[in-house]
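One structure is given below, encoded as structure tokens.
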Amino acid sequence: DIQLTQSPSFLSASVGDRVTITCRASQGISRYLAWYQQKPGKAPKLLIYAASTLHSGIPSRFSGSGSGTEFTLTISSLQPEDFATYYCQQLNSYPQTFGGGSKVEIK
Amino acid sequence: QLQLQESGPGLVKPSETLSLTCTVSGDSISSSRYYWGWIRQPPGKGLEWIGSIYYSGTPYYSPSLKSRVSISVDTSKNQFSLKLSSVTAADTALYYCARLHLSGSFDYWGQGTLVTVSS
């Protein structure tokens, strides 16, 4: 199975900050990576697929980059509604696997 | 607007079989090009993919659950289902059904249903 390691697992940030979360794969997955946002009590929400393609309706302050084994999710200017937990998911091969999550909290 | 809704017992006894159904509205499972899947999340923990299925194809299962899991489609009811046998407390989780986007990611999710395994 392909392992995904996210860092940091927790970060404290302020509204307006630029935030970057990293996802590292245990082997190359080309650009077969997605990012999700999950708020307490809610289902995950797809933000980005194919490493950098913004899903429909997602604000442009979210962006993704990377290929191979290292990927990043960037929020250019953190908004109050962005405080949540973020997960990466690899789509390169079965079993599809998720990272352990990165929780973004208010400083 | 596509909607998915999980249903099934919220409490299952150890060693028994967990059975959940996902009802899809706003699209036909048999006419779409999409796969459909199940994901679970133990309380306070991360996401785990359980398996995925195309309406007319072979399902794919997580190797760690493959011996106990079965996913099927009922096109007449526009539903797909999950069965997980021989459950233990480790199977206690929020279970989500979801649609796979063409990219392979999950673009539409149900609200999730909590299943507790306890005697």
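Reckoned from all heavy atoms, side chains included, excluding hydrogens, waters and symmetry mates. Note that the structure is a prediction, hence the values are computed from the model and not measured. So you know, we letter chains A, B, ... as the sequences are listed, proteins then strands, and number each from 1.
B/L4 and B/L114 fall within a single hydrophobic cluster, where Ile, Leu, Val, Met, Phe, Trp and Tyr are joined by side-chain heavy atoms under 4.5 Å apart, directly or via other members. Tracing side-chain contacts under 4.5 Å through hydrophobic residues (I, L, V, M, F, W, Y), one reaches B/L2 starting from B/Y54; they form part of the same cluster. Linking ILVMFWY residues whenever their side-chain heavy atoms come closer than 4.5 Å, directly or via other members, leaves A/L46 and A/L4 in distinct clusters. Hydrophobic clustering, with ILVMFWY side chains joined whenever heavy atoms are under 4.5 angstrom apart, groups B/V69 together with B/V115. Grouping the Ile, Leu, Val, Met, Phe, Trp and Tyr side chains by contacts below 4.5 angstrom, directly or via other members, places A/L47 apart from B/I39.
If you take CG on B/L47 and CD on A/Q89, they are separated by 8.5 Å, rounding to the nearest 0.5 Å.
Nearest heavy atoms, B/G104 versus A/L91: O-CD2, 3.4 Å. Closest of all the heavy-atom pairs between B/W109 and A/P44 is CD1-O, 3.4 Å.
Residue A/K39 places its NZ atom among more than 12 non-hydrogen atoms of other residues, nucleotides or ligands, all under 6.0 Å distant. For B/Y60, the OH atom counts as loosely surrounded, since its 6.0 Å shell holds 12 or fewer non-hydrogen atoms of other residues, nucleotides or ligands.
B/F106 touches chain A through backbone and side chain together, each having a heavy atom under 4.5 Å away. Heavy-atom distances place the side chain of B/Q41, and not its backbone, under 4.5 Å from chain A. Using a 4.5 Å cut-off between heavy atoms, B/L94 does not touch chain A at all.
Looking at A/Y94, A/Y87, A/F98 one by one, the single match for ring pair (Phe, Tyr, Trp, His ring centres under 6.0 Å) with B/W49 turns out to be A/Y94. The side-chain contact (heavy atoms from CB on, under 4.5 Å) with B/S105 is formed by just one residue from the set A/Y32, A/W35, A/Y36; it is A/Y36.
Using a distance-only test at 3.5 Å, with no hydrogens or angles considered, no donor-acceptor pair links the side chain of A/Y49 to the main chain of B/H101. No side-chain donor-acceptor contact under 3.5 Å links A/Q96 to the backbone of B/S52.
Annotation: maximal heavy-atom pairing with chain A below 4.5 Å, among B/G112, B/S62, B/P63, occurs at B/P63. For the set B/G110, B/S103, B/G46, the entry with the most heavy-atom pairs within less than 4.5 Å of chain A is B/S103.
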